[in-house]
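Because the structure is predicted, anything quoted here is derived from the model rather than measured.
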Amino acid sequence: VQLQASGGGVVQAGGSLRLSCAASGSIFRINDMGWYRQAPGKQRELVAIITAGNSTNLADSVKGRFTISRDNAKNTVYLQMNDLKLEDTAAYYCNAKVRTYITPFRESDYWGQGTLVTVSS
């Protein structure tokens, strides 16, 4: 299973970006999908998570500005980021909890390669 993230870039404060992350491979079922971020010198933190039933949970710091969604037919998760702030600058990583056809009764964590978001003043 591979996760391919895209959509990062440089944006001015107050601007918007949309991140995408597509999962591919021997996928039987994807449960939770989410986005995490890691700023320089800081620990990785949860940004947003969405269940297979489309329930969502967002970090307090991004509520009202970020939206997470998914397209199950495309095995893809999105993160719409609006009103970006300087403190949103980080590498963003997607995560998926996947059951494969090889191990259909066991869930494993998979990570994307990270996409960099830089917010400038």
Side-chain angles (χ1 to χ4, degrees):
V1 174
Q2 293 184 331
L3 271 62
Q4 182 67 45
S6 61
V10 180
V11 62
Q12 285 191 327
S16 298
L17 281 175
R18 188 192 194 208
L19 306 183
S20 300
C21 178
S24 61
S26 181
I27 297 170
F28 175 70
R29 175 183 170 86
I30 302 177
N31 293 325
D32 293 354
M33 302 185 83
W35 290 94
Y36 292 73
R37 68 186 180 186
Q38 187 167 18
K42 295 188 177 181
Q43 290 189 332
R44 189 173 296 190
E45 62 176 0
L46 173 68
V47 177
I49 194 166
I50 184 168
T51 69
N54 286 317
S55 295
T56 63
N57 187 30
L58 284 83
D60 288 343
S61 60
V62 305
K63 283 180 180 177
R65 301 188 296 121
F66 291 11
T67 303
I68 187 170
S69 61
R70 65 192 284 173
D71 184 334
N72 291 330
K74 296 182 179 180
N75 291 332
T76 299
V77 62
Y78 305 96
L79 186 68
Q80 177 66 44
M81 305 185 293
N82 298 329
D83 189 23
L84 282 159
K85 304 179 184 300
L86 296 178
E87 53 265 39
D88 295 319
T89 294
Y92 284 71
Y93 298 88
C94 58
N95 171 269
K97 300 187 185 304
V98 180
R99 296 184 182 183
T100 69
Y101 282 108
I102 298 173
T103 56
F105 300 108
R106 188 180 76 202
E107 180 182 278
S108 298
D109 263 334
Y110 292 90
W111 291 90
Q113 81 283 12
T115 185
L116 188 60
V117 172
T118 302
V119 183
S120 63
S121 57

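More than 12 heavy atoms of other residues, nucleotides or ligands lie within 6.0 Å of CD in E87, so this atom counts as buried by the packing criterion. Annotation for Q2: atom CD does not count as buried by contact number, only 12 or fewer foreign heavy atoms lying within 6.0 Å.
The same ILVMFWY cluster, assembled from side-chain heavy atoms under 4.5 Å apart, contains both V1 and V77. Side-chain heavy atoms closer than 4.5 Å link hydrophobic residues (I, L, V, M, F, W, Y) into clusters, and following such links, even through other members, never connects V62 to L46.
Ionic pairing of K85 and D88 is not present here: no N-O contact between side-chain nitrogen and carboxylate oxygen is shorter than 4.0 angstrom.
In this structure, OG in S69 is found 8.5 Å from CG in L79, a value given to the nearest 0.5 Å. The structure places CG of N31 at 9.0 Å from NZ of K97, a figure rounded to the nearest 0.5 Å. Q12 CD to L84 CG: the interatomic distance, rounded to the nearest 0.5 Å, is 11.5 Å. Note: D71 CG to Y78 OH = 5.0 Å, rounded to the nearest 0.5 Å. The line from CG of N72 to CD1 of I50 is 8.0 Å long, rounded to the nearest 0.5 Å. Rounding to the nearest 0.5 angstrom, the gap separating the CD atom in E107 from the CD1 atom in I30 is 11.0 Å.
In terms of heavy-atom proximity, W35 sits nearest to I68 at CD1-CD1, 3.8 Å. In plain terms, the two heavy atoms of M81 and L19 that are nearest each other are CE-CG, 3.7 Å. Heavy-atom minimum distance, A48 versus L58: CB-CG, 3.9 Å. Taking both residues in full, the closest heavy atoms of Y92 and V47 are given as CE2-CG2, 4.2 Å, listed atom of the first, atom of the second, then distance. Closest approach of S120 and V10 over heavy atoms only: OG-CG1, 4.5 Å. What you find for R29 and A52 is that their closest heavy atoms are NH2-CB, 3.7 Å.
Here the side chain of R106 pairs no donor or acceptor atom with the backbone of I102 at under 3.5 angstrom. Proximity of a side-chain donor or acceptor of T89 to a complementary backbone N or O of V119 within less than 3.5 Å is detected. For R70 (side chain) and T51 (main-chain N/O), a donor-acceptor pair under 3.5 Å exists by modelled atom type. Side chain of Q113 to backbone of A5: a donor-acceptor contact under 3.5 angstrom is found.
Below 30°, between 30° and 60°, or above 60°: for F28 and Y101 the angle between ring planes is above 60°, a perpendicular geometry.
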* Taking it one step at a time, do R37 and V117 satisfy side-chain contact (heavy atoms from CB on, under 4.5 Å)? -> CA-CA 9 Å; R37 68 186 180 186; V117 172; over 6 Å; no
* Worked verdict on N95 versus W111 for side-chain contact (heavy atoms from CB on, under 4.5 Å) -> CA-CA 5 Å; N95 171 269; W111 291 90; 3.3 Å; yes
* Chi angles and distances behind the side-chain contact (heavy atoms from CB on, under 4.5 Å) call for S121, L86 -> CA-CA 7 Å; S121 57; L86 296 178; 4.1 Å; yes
* To do: Could you check C94 against M33 for side-chain contact (heavy atoms from CB on, under 4.5 Å), going step by step and ending with a plain yes or no?
  => CA-CA 7 Å; C94 58; M33 302 185 83; over 6 Å; no
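Two residues are said to be in side-chain contact when any heavy atoms from C-beta on lie closer than 4.5 Å; Y110 and T100 meet this criterion. You'll find the side chain of S108 stays beyond 4.5 Å of the side chain of V98, heavy atoms only.
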